[in-house]
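Chain identifiers are assigned alphabetically (A, B, ...) following the order of the sequence lines, protein sequences preceding nucleic acid strands; residue numbering begins at 1 within each chain.
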Amino acid sequence: MSDDKISVFAAGVYRKLGEIPRGKVATYGVLARALGCGSPRAVGQALRANPHAPQVPCHRVVRIDGSLGGYQGEERGAAIQRKQQLLREEGVIFLKDGRVDLASSGFEFPG
DNA sequence: AAAAAGATAGACG
DNA sequence: CGTCTATCTTTTT
(Lines give C-alpha, C1' and ligand atoms only; values in the text may rest on other atoms or scores of the structure.)
Protein backbone atom coordinates (compact mmCIF):
# COMPACT_ATOMS: atom_id res chain seq x y z
CA MET A 1 0.00 0.00 0.00
CA SER A 2 2.47 2.52 -1.08
CA ASP A 3 1.31 3.56 -4.50
CA ASP A 4 -2.14 4.81 -5.28
CA LYS A 5 -1.93 3.02 -8.60
CA ILE A 6 -2.04 -0.71 -9.09
CA SER A 7 0.00 -3.20 -11.06
CA VAL A 8 -0.77 -4.11 -14.62
CA PHE A 9 -1.57 -7.59 -13.48
CA ALA A 10 -4.34 -6.42 -11.15
CA ALA A 11 -5.68 -4.13 -13.86
CA GLY A 12 -6.00 -7.12 -16.18
CA VAL A 13 -7.80 -9.06 -13.50
CA TYR A 14 -10.33 -6.31 -12.92
CA ARG A 15 -10.82 -6.04 -16.67
CA LYS A 16 -11.64 -9.73 -16.94
CA LEU A 17 -13.99 -9.48 -14.00
CA GLY A 18 -15.97 -6.92 -15.97
CA GLU A 19 -16.41 -9.53 -18.66
CA ILE A 20 -18.18 -11.86 -16.29
CA PRO A 21 -21.94 -11.54 -16.88
CA ARG A 22 -24.27 -11.13 -13.94
CA GLY A 23 -25.54 -14.37 -12.49
CA LYS A 24 -22.33 -16.16 -13.39
CA VAL A 25 -19.07 -16.90 -11.63
CA ALA A 26 -15.56 -17.57 -12.89
CA THR A 27 -12.85 -19.61 -11.23
CA TYR A 28 -9.36 -18.41 -10.25
CA GLY A 29 -7.79 -20.91 -12.61
CA VAL A 30 -9.79 -19.78 -15.61
CA LEU A 31 -9.10 -16.18 -14.75
CA ALA A 32 -5.39 -16.80 -14.32
CA ARG A 33 -5.29 -18.63 -17.61
CA ALA A 34 -7.07 -15.77 -19.34
CA LEU A 35 -4.35 -13.47 -18.01
CA GLY A 36 -1.59 -15.74 -19.26
CA CYS A 37 -0.57 -17.01 -15.85
CA GLY A 38 -0.75 -20.56 -14.57
CA SER A 39 -1.11 -19.51 -11.00
CA PRO A 40 -4.56 -18.78 -9.62
CA ARG A 41 -2.86 -17.48 -6.49
CA ALA A 42 -1.54 -14.48 -8.33
CA VAL A 43 -5.13 -13.66 -9.28
CA GLY A 44 -6.25 -14.10 -5.70
CA GLN A 45 -3.57 -11.65 -4.64
CA ALA A 46 -4.86 -9.06 -7.08
CA LEU A 47 -8.43 -9.54 -5.88
CA ARG A 48 -7.37 -9.42 -2.27
CA ALA A 49 -5.84 -6.00 -2.85
CA ASN A 50 -8.94 -5.08 -4.82
CA PRO A 51 -9.14 -1.28 -4.49
CA HIS A 52 -12.66 -1.30 -5.94
CA ALA A 53 -14.78 -3.36 -3.60
CA PRO A 54 -18.30 -3.66 -5.10
CA GLN A 55 -17.29 -1.76 -8.21
CA VAL A 56 -15.41 -4.77 -9.46
CA PRO A 57 -17.29 -8.10 -9.25
CA CYS A 58 -14.56 -9.71 -7.22
CA HIS A 59 -17.28 -11.74 -5.53
CA ARG A 60 -17.95 -13.43 -8.87
CA VAL A 61 -14.71 -15.34 -8.55
CA VAL A 62 -14.85 -18.69 -6.80
CA ARG A 63 -12.79 -21.84 -6.53
CA ILE A 64 -12.73 -24.55 -9.15
CA ASP A 65 -14.93 -26.84 -7.11
CA GLY A 66 -17.54 -24.17 -6.52
CA SER A 67 -16.42 -23.10 -3.06
CA LEU A 68 -16.45 -19.33 -2.58
CA GLY A 69 -12.96 -18.98 -1.13
CA GLY A 70 -12.56 -15.58 0.46
CA TYR A 71 -13.60 -11.95 0.20
CA GLN A 72 -11.21 -9.01 0.65
CA GLY A 73 -9.37 -10.23 3.75
CA GLU A 74 -12.22 -11.17 5.95
CA GLU A 75 -12.52 -14.39 7.81
CA ARG A 76 -13.34 -17.44 5.81
CA GLY A 77 -16.83 -17.91 7.22
CA ALA A 78 -17.67 -14.23 6.90
CA ALA A 79 -16.36 -14.01 3.37
CA ILE A 80 -18.42 -16.98 2.26
CA GLN A 81 -21.55 -15.60 3.84
CA ARG A 82 -21.17 -12.21 2.19
CA LYS A 83 -20.30 -13.62 -1.19
CA GLN A 84 -23.11 -16.14 -1.12
CA GLN A 85 -25.57 -13.38 -0.37
CA LEU A 86 -24.33 -11.19 -3.24
CA LEU A 87 -24.15 -14.00 -5.78
CA ARG A 88 -27.54 -15.31 -4.74
CA GLU A 89 -29.00 -11.88 -5.40
CA GLU A 90 -27.43 -11.86 -8.83
CA GLY A 91 -29.13 -15.09 -9.78
CA VAL A 92 -26.30 -17.54 -9.19
CA ILE A 93 -27.47 -21.02 -8.31
CA PHE A 94 -26.20 -22.40 -5.02
CA LEU A 95 -26.08 -26.04 -4.08
CA LYS A 96 -27.24 -27.30 -0.72
CA ASP A 97 -23.58 -27.79 0.13
CA GLY A 98 -23.14 -24.04 0.00
CA ARG A 99 -21.19 -24.28 -3.25
CA VAL A 100 -21.90 -22.54 -6.52
CA ASP A 101 -23.36 -24.55 -9.37
CA LEU A 102 -20.59 -24.16 -11.90
CA ALA A 103 -22.56 -26.42 -14.20
CA SER A 104 -25.07 -23.61 -14.69
CA SER A 105 -23.47 -20.47 -13.30
CA GLY A 106 -19.90 -21.32 -14.23
CA PHE A 107 -18.53 -18.81 -16.73
CA GLU A 108 -15.49 -19.25 -18.94
CA PHE A 109 -13.58 -16.74 -21.04
CA PRO A 110 -13.73 -17.17 -24.83
CA GLY A 111 -10.68 -17.68 -26.96
C1' DA B 1 17.94 -7.64 -2.70
C1' DA B 2 15.86 -11.64 -0.40
C1' DA B 3 12.23 -13.96 2.00
C1' DA B 4 7.35 -14.72 3.33
C1' DA B 5 2.59 -14.72 2.47
C1' DG B 6 -1.74 -15.18 -0.22
C1' DA B 7 -9.04 -15.18 -1.89
C1' DT B 8 -5.58 -21.83 -5.64
C1' DA B 9 -4.95 -26.28 -8.06
C1' DG B 10 -3.39 -30.70 -8.63
C1' DA B 11 -1.14 -34.87 -7.19
C1' DC B 12 -0.19 -38.38 -3.63
C1' DG B 13 -1.11 -41.47 0.37
C1' DC C 1 -10.29 -37.31 3.41
C1' DG C 2 -5.84 -35.04 4.69
C1' DT C 3 -1.16 -33.34 3.32
C1' DC C 4 2.43 -31.62 0.21
C1' DT C 5 4.23 -29.46 -3.79
C1' DA C 6 4.03 -26.19 -7.85
C1' DT C 7 3.19 -21.63 -9.65
C1' DC C 8 2.94 -16.04 -9.78
C1' DT C 9 2.53 -11.63 -7.85
C1' DT C 10 2.68 -8.35 -4.11
C1' DT C 11 4.39 -6.85 0.27
C1' DT C 12 7.57 -6.66 4.07
C1' DT C 13 12.29 -7.29 6.46
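Heavy atoms of A/Tyr28 sit under 4.0 angstrom from at least one base atom. In this structure, A/Gln72 reaches the bases: a heavy-atom distance under 4.0 Å links it to at least one base atom across the strands shown.
The structure places OG of A/Ser39 at 14.5 Å from OH of A/Tyr28, a figure rounded to the nearest 0.5 Å. A/Leu87 contributes atom CG, which lies 12.5 Å from atom CG of A/Asp101 (distance to the nearest 0.5 angstrom). Here CD of A/Glu75 is found 10.5 Å from CD of A/Gln81. Values are rounded to the nearest 0.5 Å.
A sub-4.0 Å separation between OP1 or OP2 of C/dT9 and a side-chain N or O of A/Ser7 is absent.
Looking at A/Glu90, A/Glu19, A/Glu89 one by one, the single match for salt bridge (Lys or Arg N to Asp or Glu O under 4.0 Å) with A/Arg60 turns out to be A/Glu90.
When rounded to the nearest whole Å, the span between CD1 of A/Ile64 and P of B/dA11 equals 11 Å. Per the geometry, CG belonging to A/Asp65 stands 12 Å off P belonging to C/dC1, to the nearest Å. Per the geometry, CG belonging to A/Leu31 stands 14 Å off C1' belonging to C/dT9, to the nearest Å. Between the C1' atom of B/dA7 and the CG atom of A/Leu35 lies a distance of 15 Å, rounded to the nearest Å.
Side chain of A/Arg82 to backbone of A/Tyr71: no donor-acceptor contact under 3.5 angstrom is found. Of the possible polar contacts, one joining the A/Ser105 side chain to the A/Ile93 backbone as a donor-acceptor pair under 3.5 Å is found.
Salt-bridge formation is not detected for the pair A/Lys83/A/Glu74: no Lys NZ or Arg NE/NH1/NH2 atom is positioned less than 4.0 Å from an Asp or Glu carboxylate oxygen.
When distances are taken from the side chain of A/Ser39 to each of C/dT7, B/dA9, C/dT10, the shortest belongs to C/dT7. Listed nucleotides: B/dA7, B/dA9, C/dT10. Nearest to the side chain of A/Leu47: B/dA7. Checking C/dT10, B/dA7, C/dT7 against every side-chain atom of A/Lys83, the shortest atom distance belongs to B/dA7.
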Shorter than 3.5 Å, N or O on both sides, protein versus nucleotides 4-6 of chain B: list them out with atom names.
from: B/dG6; atom 1: O4'; to: A/Gln45; atom 2: OE1; distance (Å): 2.9
from: B/dG6; atom 1: N2; to: A/Arg41; atom 2: O; distance (Å): 3.4

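At least one side-chain heavy atom of A/Leu102 sits less than 4.5 Å from a side-chain heavy atom of A/Val62.
Stem list for DNA chain C (at least 3 consecutive Watson-Crick or G-U pairs, distances under 3.5 Å): B:1-6 with C:8-13, B:8-13 with C:1-6.
By the side chain to side chain contact (heavy atoms under 4.5 Å, CB included) test, A/Asp65 pairs with A/Arg63, A/Ser67, A/Arg99, sequence neighbours left out.
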